[in-house]
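Okay, structure first, notes after.
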Amino acid sequence: MVAFGFDNSYARLPERFHARLPPTPVAAPKLIKVNAALARFLGLDPSLLASDEGVAMLAGNRVPEGAEPLAMAYAGHQFGNWVPQLGDGRAILLGELRGGDGVRYDVQLKGSGPTPFSRNGDGRAALGPVLREFIVSEAMHALGVPTTRTLAAVTTGEEIWRQEGMLPGAVLTRVSRSHVRVGTFEYFGNHDDVDGVKVLADYVMARLYPDVDGYAGLLEAVIGRTAKLIAQWQLIGFIHGVMNTDNTSIAGETIDYGPCAFMDAYDPQTVFSSIDHGGRYAYINQPRIAHWNLVRFAQALLPLLADGEEAQIKVAQAIINRYPAMFEAAYFAGLRAKFGFAEAREGDLELIAPFLKHMADGRADFTLAFRRLSDSAEDAASDTALGALFDNDAAVQAWLPKWRERLAVEETVSAAERADSMRAVNPALIPRNHRIEQAIQAAQRTGDLAPFETLMKVLSAPYVDQPEFAAYANPPKPDERVLQTFCGT
Ligand code: AMP
Ligand code: MG
């Protein structure tokens, strides 16, 4: 039997933190893919994982030695509404492993069968959403955005029922610095379980924030990491789709890839999720929704922050009020880098704002516009290609001289250096929604995994122009556009 070097700290927490149960076996597991590099990083042998025995474990048919399988308890606010009992309804934490960086990582099966937290769900995941999570989470990692990772995926040989019809089932192995969410804190907070909140906070501090000072320090650190994370989302056009508090990581990672997608044409109001009717989780709303979610975290932490309600609220308020400035600092620094400004100067935002407006008015592709702008930093001959992305080419051409004037102020930076530094933050390749759909359709209809594999390969180097895969950089043609992404739950 394959032995993992598990050391399961979450399983040692009090029993009310989780429900212990093994994954539910499936009919006929078959490997989709092992993420070999991540496996090695976690000290696992990729070929063992791909063996019959390995696949049986990845499907939940066999529990690896040293695992202490459990479903985590949590609650959460979904679309603003309080739900007192959520929890892992279709996921099982197998255990924790040390990565090559010495950090402890959760290894969790997702789609591994019902748990006491399943409510009316079947505990399963469909192949499409599993492939989507595999593609997008690994693309986010390659883009440099903190995220849960995907170690492997298998099909189950079973069909599951979803609103689209009967679909092939799959199980994804998710790896995270910790699956504790804002909703985990809310769960104990809502039960007035101050001891539970304290045990959880101490756990999180020891594991994720060893250097912070006290519970106020924890609150501040989580807010800081989240502010940076959301700034990174905004800077690459990532839309999470379901930013509920149960999908908001305390580790500051992107977690729970459901109806997520990247923007093609720049439109701040973009929404993808088929269940997000009010546009609550539109691109432009993400920073303030994160703030709202962090207030829920602060609320759960209140009893630990001071003695007496008034003092507690005062401490929490002072910290939470710093979020907008933290977000803006990260976001504006990132924006400056996207525009090729090495230093912050007065007037930068006044120069950046009209470009964004021209993008929105001219329906320019968000990713390509910044990639072409990087080319224009090196050579004005590229201005034509840049302008061609905009319906309002003239507006962009009129803006460019002002931008060049600003670049010229930083005279020690050569044009080539500047362009390279811009290309290091303005990706050429993102997981375009239509490409993901094509990969899913091929896998679902005929079992053809080639488009999935190609996409994974292309997206592993998103900041490098890959001429042989030039078509993957392009936005969808009108008939390829995907307007909505289903939750797939
Ligand atoms: P999500 O919207 O995917 O973050 O899920 C919200 C809650 O629903 C979590 O508690 C999940 O564990 C649960 N859930 C989602 N899909 C299923 C399913 N197919 N079966 C059981 N529980 C589910
Ligand atoms: Mg979730």
Side-chain angles (χ1 to χ4, degrees), residues 17-19 21 23-24 26 60 69-93 106 108-134 136-137 147-148 150 156 158-176 178-188 190 239-251 253-261 271-277 280-281 289-290 293 296-297 484-489:
F17 279 62
H18 40 62
L21 78 162
T24 307
V26 300
L70 60 86
M72 293 166 72
Y74 55 85
H77 280 85
Q78 299 189 311
F79 292 90
N81 303 307
W82 171 242
V83 186
Q85 175 89 60
L86 289 165
D88 290 332
R90 54 164 169 171
I92 297 281
L93 176 66
D106 283 1
Q108 188 198 60
L109 301 183
K110 185 173 172 183
S112 48
T115 77
F117 306 116
S118 296
R119 294 172 296 160
N120 297 320
D122 59 4
R124 293 298 178 190
L127 174 60
V130 163
L131 292 180
R132 171 177 293 274
E133 175 154 353
F134 207 144
V136 184
S137 65
T147 177
T148 62
T150 302
T156 60
E158 296 174 0
E159 296 221 308
I160 56 176
W161 198 88
R162 291 294 181 267
Q163 70 183 94
E164 304 97 298
M166 295 302 286
L167 296 172
V171 179
L172 178 129
T173 307
R174 181 160 70 176
V175 173
S176 167
S178 160
H179 285 86
V180 172
R181 307 132 191 276
V182 167
T184 320
F185 278 90
E186 288 180 288
Y187 177 80
F188 296 104
N190 177 249
I239 302 170
H240 183 282
V242 209
M243 283 178 73
N244 295 331
T245 58
D246 54 303
N247 296 337
T248 302
S249 156
I250 290 295
E253 290 180 340
T254 313
I255 188 173
D256 268 4
Y257 292 88
C260 62
V271 178
F272 284 107
S273 170
S274 60
I275 54 173
D276 188 3
H277 304 296
R280 178 181 171 91
Y281 298 142
I289 290 290
N293 291 348
R296 307 284 83 77
F297 175 50
Q484 278 193 335
T485 307
F486 288 94
C487 224
T489 52

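In each ligand, atom 1 is the first atom listed, and ligand 1 is the first ligand listed.
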Just jot down the ligand 1 atoms closer than 4.0 angstrom to any heavy atom of [X], in number order.
{"X": "Gln78", "result": "6 (C)"}
{"X": "Asn247", "result": "4 (O)"}
{"X": "Arg119", "result": "7 (C), 8 (O), 10 (O), 13 (C)"}
{"X": "Gly87", "result": "9 (C), 10 (O), 11 (C), 12 (O)"}
{"X": "Arg162", "result": "19 (N)"}

Would you kindly specify which portion of [X] sits under 4.0 Å from ligand 1, judged on non-hydrogen atoms: side chain, backbone, both or neither?
{"X": "Arg124", "value": "backbone"}
{"X": "Tyr74", "value": "side chain"}
{"X": "Arg181", "value": "neither"}
{"X": "Asp122", "value": "both"}

- Query: Between Thr24 and Pro114, which heavy-atom pair has the shortest distance, and what is it?
  - Reply: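 That closest heavy-atom pairing would be OG1-CD, 3.8 Å.
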- Message: Side chains of Tyr257 and Thr147 only: does a donor on one sit below 3.5 Å from an acceptor on the other?
- Response: yes
Euclidean distance, [Y] [atom2] relative to [X] [atom1], rounded to 0.5 Å:
{"X": "Asn293", "Y": "His77", "atom1": "CG", "atom2": "NE2", "result": "9.0 Å"}
{"X": "Arg181", "Y": "Thr245", "atom1": "CZ", "atom2": "OG1", "result": "10.0 Å"}
{"X": "Glu186", "Y": "Leu86", "atom1": "CD", "atom2": "CG", "result": "9.0 Å"}
{"X": "His18", "Y": "Leu93", "atom1": "NE2", "atom2": "CG", "result": "9.0 Å"}
{"X": "Met243", "Y": "Thr254", "atom1": "CE", "atom2": "OG1", "result": "9.5 Å"}

- Query: What do you reckon, does Val242 put a non-hydrogen atom under 4.0 Å from ligand 1?
  - Reply: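 No, Val242 has no heavy atoms under 4.0 Å from ligand 1.
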- Message: Is Met72 close enough to touch ligand 1? Criterion: a residue heavy atom under 4.0 Å from a ligand atom.
- Response: no
- Message: Set out, in order, the CA-CA distance, both residues' side-chain angles and the distance that settles salt bridge (Lys or Arg N to Asp or Glu O under 4.0 Å) for Asp122 and Arg162, then state yes or no.
- Response: CA-CA 10 Å; Asp122 59 4; Arg162 291 294 181 267; 2.8 Å; yes
- Query: the Mg ion (ligand 2) to Asp246: any N/O/S contact under 2.8 Å?
  - Reply: no
- Query: Hey, is there an N, O or S on Asn247 sitting under 2.8 Å from the Mg ion (ligand 2)?
  - Reply: yes
Using distance alone, determine whether [X] and ligand 1 share an N or O pair under 3.5 Å.
{"X": "Arg90", "value": "yes"}
{"X": "Gly123", "value": "yes"}
{"X": "Phe117", "value": "no"}
{"X": "Gly89", "value": "yes"}

- Query: Closest N/O/S atom of Asp256 to the Mg ion (ligand 2), by atom name?
  - Reply: OD2
- Message: Check whether Asp276 reaches the backbone of Arg280 with its side chain - one donor and one acceptor, N or O, closer than 3.5 Å.
- Response: yes
- Message: I'd like to know whether the aromatic ring centres of Phe79 and Tyr281 sit less than 6.0 Å apart in this structure.
- Response: yes
- Task: Please confirm whether Phe17 and Phe188 have ring centers closer than 6.0 angstrom.
- Result: yes
